[in-house]
Amino acid sequence: MTEDGIVRRELLTIGAFAARARLSAKALRLYDRLGLLTPAYVDEVSGYRYYRADQVERARLVALLRQLDMPLARIAEVAGAEGVEAADRLAAYWADVEARVAGQRTLAEYLRGRLSGRSCEMYEKFVVETVDVPERVVITETRHTLADELPAWIGASLGRLEGAAEECGGVAGAPFVVYHSEVSMESDGPAESCVPVADEAAARAWAERQGRGRESRVRVEPAARLAYTRITKAQVAHPQILAAFEAVEQWLAAEGLEMAGPCREIYFADWDAAGAEDPVCDVAFPVR
């Protein structure tokens with residue numbers, strides 16, 4: 001019997017356990033080192049690892065999840081859950097994978113077009129239109145951010161602003177993000193998240209209470225004509241979204257129009273409920 005009360009003869013050596021789990025001893029040692037599957041007992045003198053028979057299912061599960069290229073932290077979450085919860089966590093991970101692959105497919109098409117000199121054909125896939133928008137009061141957050149940090153910041157900042165809009169007469173239009181300078185892996189903007197609100201006086205009182213902690217403020221967004229193209233959730237990811245911006249820029253040049261302000265992304269749909277191919281965003285430029 002081991003020190004913690006496990007009957008030694010009921011345990012399997014790493015070789016026997018590996019054969020039963022259809023894994024190698026090397027893989028089991030790796031899972032132990034990564035904290036994904038800890039032996040039931042390790043002999044302090046010899047260092048031999050021993051496992052319980054009921055650990056076989058977890059070992060096989062970990063191996064299968066690793067074949068999905070799942071990060072170790074996510075594997076630990078799925079393997080540590082049970083039943084429906086475990087299945088839901090796997091489903092959430094795979095939805096992220098499909099969204100990423102859809103975005104990469106779009107990026108590959110974009111790069112093929114550039115490399116083959118077929119950029120014009122690529123841009124023709126985007127339908128560009130114009131719309132007149134009225135003057136609006138918006139509450140905003142501004143941040144200097146690189147491209148890899150941008151999606152998380154957009155979601156968090158718009159969530160905060162939509163919550164704050166309840167104090168400002170309610171949301172009065174689609175949230176949007178304005179890029180006052182380039183955001184890439186080399187340039188950090190700044191970017192400005194904006195939510196239109198109904199009550200300017202209440203909005204200014206809200207902004208006064210915020211101070212400068214998150215660069216929150218209220219301003220009046222002037223009336224403008226926007227040239228825009230509508231894109232899917234998969235197309236929003238950087239850098240494939242650049243194709244949409246470039247398509248609008250090319251259209252403006254062809255139409256003899258000039259940009260009258262910084263570019264923006266207008267989020268008109270429920271992001272969490274949307275699928276990879278659902279329209280969620282308008283890429284837009286103010287024009288004159």
Side-chain angles (χ1 to χ4, degrees), residues 95-96 98-100 102-103 106 110 123 125-143 145 147 150-180 183 189 191-200 203 216 218-249 251-252 257 259-287:
D96 291 342
E98 290 184 324
R100 183 175 69 252
T106 302
Y110 165 64
Y123 296 149
K125 296 179 180 179
F126 295 94
V127 177
V128 181
E129 300 178 289
T130 60
V131 62
D132 292 317
V133 295
E135 179 181 277
R136 294 162 294 170
V137 175
V138 295
I139 56 175
T140 79
E141 272 190 33
T142 301
R143 178 177 172 179
T145 178
L150 185 63
W153 176 75
I154 288 176
S157 60
L158 290 181
R160 287 190 292 268
L161 291 171
E162 288 175 327
E166 297 179 6
E167 305 175 40
C168 308
V171 176
F176 58 99
V177 178
V178 178
Y179 296 100
H180 295 284
V183 174
E192 181 186 29
S193 288
C194 306
V195 171
V197 295
D199 189 330
E200 182 176 355
S216 301
V218 58
R219 63 178 179 82
V220 176
E221 176 80 1
R225 171 163 291 184
L226 300 179
Y228 72 95
T229 189
R230 185 152 291 184
I231 60 175
T232 66
K233 186 174 183 177
Q235 291 172 314
V236 169
H238 185 88
Q240 47 264 44
I241 194 172
L242 297 180
F245 280 108
E246 291 169 2
V248 179
E249 289 173 322
W251 183 88
L252 292 178
L257 298 173
M259 299 177 197
C263 60
R264 60 206 57 205
E265 298 165 8
I266 303 166
Y267 291 94
F268 57 82
D270 184 336
W271 180 270
D272 292 332
E277 301 305 320
D278 292 332
V280 297
C281 175
D282 290 336
V283 167
F285 290 84
V287 298

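Put simply, the side chain of I231 reaches to within 4.5 Å of the side chain of V283, judged on heavy atoms. With a 4.5 Å cut-off on side-chain heavy atoms, F285 and F245 count as touching. In this structure, the side chains of D272 and D270 come closer than 4.5 Å at one or more pairs of heavy atoms. In this structure, the side chains of M259 and L252 come closer than 4.5 Å at one or more pairs of heavy atoms. Looking at L158 and Y267, their side chains come closer than 4.5 Å, going by heavy atoms from C-beta outward. Contact annotation: the side chain of T130 never approaches that of L226 to less than 4.5 Å [non-hydrogen atoms, C-beta and beyond]. Between T232 and D278 there is no side-chain heavy-atom pair separated by less than 4.5 Å. No side-chain heavy atom of E129 sits less than 4.5 Å from a side-chain heavy atom of W251.
Between the side chain of R264 and the backbone N or O of P262 there is at least one donor-acceptor pair closer than 3.5 Å. Remark: side-chain polar atoms of K233 are paired, donor with acceptor, to backbone N or O of W271 under 3.5 angstrom. No donor-acceptor distance shorter than 3.5 angstrom exists from the side chain of D282 to the backbone of A284, with no hydrogens or angles considered. Judged purely by atom type and a 3.5 angstrom limit, T229 uses its side chain to pair as donor or acceptor with the backbone of V127.
By the neighbour-count criterion of 12 heavy atoms within 6.0 Å, atom CZ of R225 is sparsely surrounded, having that number or fewer from other residues, nucleotides or ligands.
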Practice task
Let me see the working for E221 and V137 under side chain to side chain contact (heavy atoms under 4.5 Å, CB included), right down to the final yes or no.
Solution key: CA-CA 6 Å; E221 176 80 1; V137 175; over 6 Å; no
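A276 and A99 make their closest contact through CB-CA, 4.3 Å (heavy atoms, listed as atom of the first residue, atom of the second, distance). Contact detail for V236 and C281: the closest heavy-atom pair is CG2-CB, 3.9 Å. Heavy atoms only, all atoms of each residue included: V280 and A274 are closest at CG1-CB, 3.5 Å.
Atom CZ of residue R160 and atom OG of residue S216 lie 8.0 Å apart, to the nearest 0.5 angstrom. The CG atom of L150 lies 9.0 Å from the CZ atom of R143; values are rounded to the nearest 0.5 Å. Distance check: Q235 CD to F126 CZ gives 5.0 Å after rounding to the nearest 0.5 Å. Once rounded to the nearest 0.5 Å, the distance linking SG of C194 with CD1 of I139 reads 9.5 Å.
Residues T140 and E192 have side chains that bring a donor and an acceptor to within less than 3.5 angstrom of each other.
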Pair up each side-chain donor or acceptor in residues 161-179 with any protein partner under 3.5 Å, not counting sequence neighbours, and list the distances.
from	atom 1	to	atom 2	distance (Å)
E167	OE1	R209	NH2	2.6
Y179	OH	E265	OE1	3.1
Y179	OH	E265	OE2	3.0

